[in-house]
There are 2 protein chains.
Amino acid sequence: MSEHDQTNRPRTSPTLNDVAKLAKVSTATVSRCLNNPSQVSKAKRERVMNAVRELGYAPNFGAQALAAKRTNTFGAIIPTMDNAIFARGLQAFQEELGRHGVTLLVASSSYSPELEEEQIRALVARGADALLLIGHDRTADSYAFLEQRRIPYVVAWTFNEAQSRPSIGFDNHKAMKRLMDHVLRLGHRDIALITAPRVGNDRARERFEGVQAAMQAQGLDPASLQIVETPYSIQNGAMAFEGLMSGPARPTAVICGNDVLAAGAMTMAQKLGIDVPGEVSITGFDDIEVAEIVSPGLTTVHVPHRNMGRGAARLLIELRNGEVTQSRVELQADLKLRGSLGAAPS
Amino acid sequence: MSEHDQTNRPRTSPTLNDVAKLAKVSTATVSRCLNNPSQVSKAKRERVMNAVRELGYAPNFGAQALAAKRTNTFGAIIPTMDNAIFARGLQAFQEELGRHGVTLLVASSSYSPELEEEQIRALVARGADALLLIGHDRTADSYAFLEQRRIPYVVAWTFNEAQSRPSIGFDNHKAMKRLMDHVLRLGHRDIALITAPRVGNDRARERFEGVQAAMQAQGLDPASLQIVETPYSIQNGAMAFEGLMSGPARPTAVICGNDVLAAGAMTMAQKLGIDVPGEVSITGFDDIEVAEIVSPGLTTVHVPHRNMGRGAARLLIELRNGEVTQSRVELQADLKLRGSLGAAPS
DNA sequence: CGCAAAAATGTAAGCGCTTGCATTTGAAAA
DNA sequence: TTTTCAAATGCAAGCGCTTACATTTTTGCG
């Protein structure tokens, strides 16, 4: 099939070669013209650019990747696309990358470290130059793979003193502790926590520890904390809340691992006719849009999603370029007090 | 930098050739072993697989794409990642693709046809074998480009009799008309519509036309419909609603182009102390999670997000494989009646 | 046991691009 | 004008993989 059609290839996209012929220069010159215009004389550059335009030439990604060993594509692996937790941050991440000519590939791991490892390999195989990862928890093999391949990555959505990897985020422990301090100051002593499964999820774990720390600081027995573990979803939040409120030790404050769970709790409270915050206070974490929609408004921790996304993009680009920088960035996550948190009923 | 390390390349990833040597077969056999195992004898296959495992071999994407002219990567371009409208559908889309060994690349166009065209080119350049697009509205150049490159695509989130392109979705016009029929049946005559900008957004336009059609069918003057156009966001929904309710002709029913706008309207109603549905009814479109959270629950049109995503994936895979199929699929979008819609106040 | 057909394997030609190195060109310097 | 040197350009060797085609090995049957 390749012995003819040397001259006119009807519906295949034009190649570097075609451009070179039209412009009557070598392919090398065309390539340089596109990637390093400064090395080419003005006259030729114009001839080449015209040819490019005339042919509607666009470089073949695979070939480029193969020859240059660089793809200008970054990857992001987030636990889920199914709710809004990561949406805003990711959008900002993508926008910033776009500004630097980098395309984003997104995959989701469904909160499974094994699946995440697969996705990491898939993205790298597909040429991702660098990766955005969420949280520190993942298989040792995942990290080994990244090191071995020398793939730059940044861990986002968390910041942990104890970790030395490039990362950008906030201190989940600290933020949750601050929220809890406030809750305790309001007189609450019967506390329940609805959290995502903590195994393989350092953010959830750190938030949990923040709750514990606050209780301890206040002289409360951490063992008195009621804990329900359930995957993030409104549905699950509602069910967990229902269980808690119909249980033997009805809490006066239900701390939720994130806003999605809290939203579920809020709607269930409403359905059950339980007054919030009169009978029970509810708090969330993340400050996604939902927090403003429920009524009363949800007291939560405001996470700087867009800043984090943008920052992660910049960090990653710097890492990719080998520019030395501050590769660990802590952002602030402040309390967002709204109506769902009130004084403990007396 | 390449004059030495011919013999032992320490930290470069292993290639097909390395595997072939270790297994003492040709590269062709290794390749077949990986892509068409059935063509290789069991003995060799095992030898090869062992070598693959031992070396931790993973194919180089660029090279594979270059040689095979196929990447097993699909692209999706959605208007925004910033809210939940597309999240669930996309998640299902991705899951289904994953099941078929296809990786998904996502980009977002910010509702701009020009940006979308860029993204289409970018994804194709990066090797996308096929694309998922939202809605029919886009630049002629975008379609021309896709045709010329013979890139399979499917238009989702809408189904329109008049369009002949491969697509999967529901009839926005019909669905909105059905909702409106119901609204009118409840006695509402003073109607307002909060819609996304209709230029470049056929879904929004069709929904709008559905509203008009229902009014006309009822003998109402379509010109009496109050219209506010504003980009999808809770914030904007709230502001639009506020404007409407403080205007001269207060509607008894506010129809929102989607749930995000409606959620904004609902929260604003609450803030203003306007009773829903006592004083004013509010409806949405999409049935995303938010619809269940607001109170009262939001009457909306249920869109089969996950079905649509899964269906789109299957359709696209069939198209890519050149399997002839029914390439136009209409899904049902049914009314979801909740508390936010009531009889018109008398 | 021999032979044709089928199955398994190997050979090698690209795929479209980048880039080190050699060569040519064009000025500036002598 | 000749010489020198930097800038501009071309040449051609890969990058790692797939696949058509040629070759070898197996298998089935008479």
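Side-chain atoms are counted along with the backbone in the values below, which use heavy atoms only and exclude waters and symmetry mates. Order of the sequence lines sets the chain letters (A, B, ...), proteins ahead of strands, with each chain counted from 1.
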Euclidean distance, atom [atom1] of residue [X] to atom [atom2] of [N] [Å, nearest integer]:
X: Leu66(B); N: dT18(C); atom1: CG; atom2: P; value: 12 Å
X: Lys69(B); N: dT18(D); atom1: NZ; atom2: C1'; value: 11 Å
X: Asn17(B); N: dA12(C); atom1: CG; atom2: C1'; value: 13 Å
X: Asn36(A); N: dG20(C); atom1: CG; atom2: P; value: 11 Å
X: Leu34(B); N: dG16(D); atom1: CG; atom2: P; value: 16 Å

*Could you tell me whether the side chain of Arg47(A) and the main chain of Lys24(A) form a donor-acceptor pair under 3.5 Å?*
yes
Donor-acceptor under 3.5 Å (Arg88(A) side chain, Pro304(A) main chain): no
With sequence neighbours left out, write down each residue that passes side-chain hydrogen bond (donor to acceptor under 3.5 Å, both in side chains) with [X], or none if nothing qualifies.
X: Thr73(B); result: Arg126(A)
X: Thr29(B); result: Ser26(B)
X: Arg99(A); result: Glu96(A)
X: Asn50(B); result: Arg53(B)

In numerical order, the residues of residues 51-65 of chain A whose heavy atoms come under 4.0 Å of DNA chain C are Tyr57(A), Pro59(A), Asn60(A), Ala63(A), Gln64(A)
Check nucleotides 4-10 of chain C against the protein and report each pair of N or O atoms closer than 3.5 Å, with its distance, or say if there are none.
unit_1	atom_1	unit_2	atom_2	d
dT9(C)	OP1	Ser41(B)	OG	2.7
dT9(C)	OP1	Lys44(B)	NZ	3.3
dT9(C)	OP2	Ser41(B)	N	2.8
dT9(C)	OP2	Ser41(B)	OG	3.2
dG10(C)	OP2	Ser26(B)	N	2.9
dG10(C)	OP2	Ser26(B)	OG	3.2
dG10(C)	OP2	Thr29(B)	OG1	2.7
dG10(C)	N7	Arg32(B)	NH2	2.8
dG10(C)	O6	Arg32(B)	NH1	3.3

Regarding the side chain of Thr15(A), the nearest nucleotide among dC15(C), dG16(C), dT18(C) is dG16(C)
- Message: Under 3.5 Å, is there a donor on one side chain and an acceptor on the other for Gln94(A) and Ser108(B)?
- Response: yes
Electrostatic pair Arg314(B)-Glu318(B), nearest N-O below 4.0 angstrom = no
Hits for salt bridge (Lys or Arg N to Asp or Glu O under 4.0 Å) against Arg320(A), two or more places apart or cross-chain, chain-then-number order -> Asp129(A)
Sequence neighbours excluded, the answer for salt bridge (Lys or Arg N to Asp or Glu O under 4.0 Å) partners of Arg165(A) is none
For Phe86(B), the ring-ring contact (aromatic ring centres under 6.0 Å, His included) test, sequence neighbours excluded, returns Trp157(B)
For Phe61(B), the ring-ring contact (aromatic ring centres under 6.0 Å, His included) test, sequence neighbours excluded, returns none
Taking five pairs at each terminus, the helix from dC1(C)-dG30(D) to dA30(C)-dT1(D) shows an axis bend, to 10°, of 30°
Ala312(B) and Leu132(B) have their tightest heavy-atom pair at CB-CD1, 3.8 Å
What does the list of N/O pairs under 3.5 Å between the protein and nucleotides 22-27 of chain D look like, with a distance for each?
none

